[in-house]
Amino acid sequence: MDTRTGLPVVGMVGGGQLARMTHQAAIALGQSLRVLAAAPDDGAALVVADLHFGDHTDLTALRTFAKGCDVVTFDHEHVPTDLIRALAADGVAVHPGADALLYAQDKRAMRERLSALGAPVPHWRPVSAPEEVSAFGDEVGWPVVAKAVRGGYDGRGVWMLGADDALPDVELILEKRVPLRRELAVLVARSPFGQVAAYPVVETVQQDGICVEVLAPAPGLAEDLAVAAQQLAIDIATSLGVVGLLAVELFEVDGGVLVNELAMRPHNSGHWTIEGARTSQFEQHLRAILDYPMGETALTAPAVVMANVLGGPPGGISLDERLHHLFATDPGAKVHLYGKQVRPGRKIGHVTVLGDDMDDVRARAARAARWLREGRASGPEGK
Ligand code: ADP
């Protein structure tokens with residue numbers, strides 16, 4: 001507890017853009033986020049006053065960091081569960097806890113648990129020997145999807161395997177390649193009291209394994225399917241005992257949805273909520289882990305689009321000049337930059353546009369993101 005303000009101290013392990021944006025939400029709640037960063041140029045390390053440095057796999061560093069925190073939470077999923085258990089045994093409130101976080105760290109455990117809960121998932125199998133891959137591929141059709149059990153993100157750790165392809169040398173699960181129509185995501189928050197709040201279902205548009213756009217609400221999604229997807233996410237959060245945010249990434253297929261992935265932290269598919277929902281995901285995460293009542297999740301406009309800003313090719317006009325032009329041509333576009341050094345393909349920020357017409361809002365968001373990336377409004381193909 002901060003004795004000066006009488007408000008809680010939240011510690012976040014990891015100093016990336018999620019911690020940076022959670023800090024913004026903490027400020028409005030009268031708090032100052034404490035961050036355990038790895039390097040001085042981490043996105044949150046550049047802006048947080050209560051800053052600690054240390055490795056998230058070092059128990060001593062975690063213990064020192066947790067001292068004086070009312071709650072410890074995460075901006076990534078890489079803290080080993082045995083260290084989280086050690087902190088909890090010290091009496092630290094850690095949210096989400098190790099028993100839940102496991103399912104965001106280990107794809108095999110996640111698939112096993114979701115299958116046991118009866119949640120719809122792609123047909124899958126763990127694999128321990130190469131012969132099992134050919135048997136699985138012959139059964140479900142080639143190519144099959146191989147996924148690293150641990151450590152994958154942004155499509156790294158996912159391979160489409162043909163019958164003659166060599167197996168990546170990591171622990172894998174296999175999945176049937178499902179004919180997905182599009183990808184959806186549902187974000188829910190759950191408090192220790194057990195209150196849950198679900199955001200509207202969104203469409204996530206992926207390119208090369210990276211989420212490039214999020215459309216809220218998911219265009220054309222039937223109301224009954226949207227409600228079923230929200231209920232599914234709430235059921236998963238409740239069954240796994242998640243405290244904080246849970247992002248459930250879904251595949252839309254003929255006749256329903258399948259669960260692809262779980263994340264237990266603020267998520268890229270929820271950045272649109274900063275301007276596009278009554279309560280941002282970052283505030284909601286803080287409310288949930290502090291056991292405050294949840295905030296309203298309703299949209300603030302009929303159509304909301306978030307587009308990620310990726311680092312573009314070197315050269316061209318400065319980012320400062322790009323911002324100047326963007327603000328001149330689209331005063332409604334809201335820009336969030338993460339203080340990162342620009343590298344081609346790296347997520348350096350996002351833009352959010354709100355409006356009445358999804359096509360119009362989407363075109364504006366795409367234009368703004370492309371402009372910030374490349375310093376020009378149209379692509380090589382002249383679109
Ligand atoms: P990561 O954890 O790296 O984000 P995902 O499991 O989300 O990996 O997979 C990355 C992308 O690969 C997905 O967004 C989807 O486009 C594709 N993909 C993953 N699993 C399947 C599958 N079973 N069938 C078809 N496409 C898939």
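Counting starts at 1 for both ligands and their atoms, in listed order.
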What's the verdict on side-chain contact (heavy atoms from CB on, under 4.5 Å) for V351 and R370, showing C-alpha distance, side-chain angles and the deciding distance?
CA-CA 10 Å; V351 291; R370 185 195 287 253; over 6 Å; no

of all protein heavy atoms, closest to atom 3 (O) of ligand 1 is G155 N, 2.7 Å

When distances are taken from atom 7 (O) of ligand 1, the protein heavy atom at minimum range is N260 ND2, 2.9 Å

Name the closest protein heavy atom to atom 15 (C) of ligand 1, giving the residue it belongs to and the distance to 0.1 Å.
E183 OE2, 3.1 Å

Aromatic plane relationship, Y338 with H350 - under 30° parallel, 30 to 60° tilted, over 60° perpendicular:
tilted

Would you say CZ of R181 has more than 12 non-hydrogen atoms from neighbouring residues, nucleotides or ligands within 6.0 angstrom?
yes

Honestly, for E249 the part within reach of ligand 1 (heavy atoms, under 4.0 Å) is side chain

Shortest protein contact, atom 26 (N) of ligand 1 (heavy atom only):
L180 CD2, 3.6 Å

Classify the angle between the aromatic ring planes of H56 and H78 as parallel (below 30°), tilted (30 to 60°) or perpendicular (above 60°).
tilted

For this output row, return yes or no: ring centroids of F74 and H95 closer than 6.0 angstrom.
no

When R362 is tested against each of V205, D357, V353 for side chain to side chain contact (heavy atoms under 4.5 Å, CB included), which residue passes?
V205

Atom NZ of K334 with >12 non-hydrogen neighbours under 6.0 angstrom:
no

Find all atoms of ligand 1 within a distance of less than 4.0 Å from any non-hydrogen atom belonging to K107, and give their numbers and elements.
1 (P), 2 (O), 6 (O), 8 (O)

Which ligand 1 atoms are under 4.0 Å away from a heavy-atom of R156?
3 (O)

For ligand 1, the portion of K147 having any non-hydrogen atom under 4.0 Å away
side chain

Given that the side chain starts at C-beta and the backbone is N, CA, C, O, which of these parts of V178 lies under 4.0 Å from ligand 1, counting heavy atoms, or is it both or neither?
both

May I ask whether atom 13 (C) of ligand 1 is less than 4.0 Å from at least one protein heavy atom?
yes

Should H336 and E275 be marked as a side-chain contact (heavy atoms from CB on, under 4.5 Å) after you check the CA-CA gap, both sets of side-chain angles, and the distance that decides it?
CA-CA 11 Å; H336 297 260; E275 293 89 6; 2.7 Å; yes

Protein heavy-atom partner closest to atom 18 (N) of ligand 1 - residue, atom, separation in Å
F251 CZ, 3.7 Å

Give the residue, atom name and distance (to 0.1 Å) of the protein heavy atom nearest atom 10 (C) of ligand 1.
V158 CG2, 4.0 Å

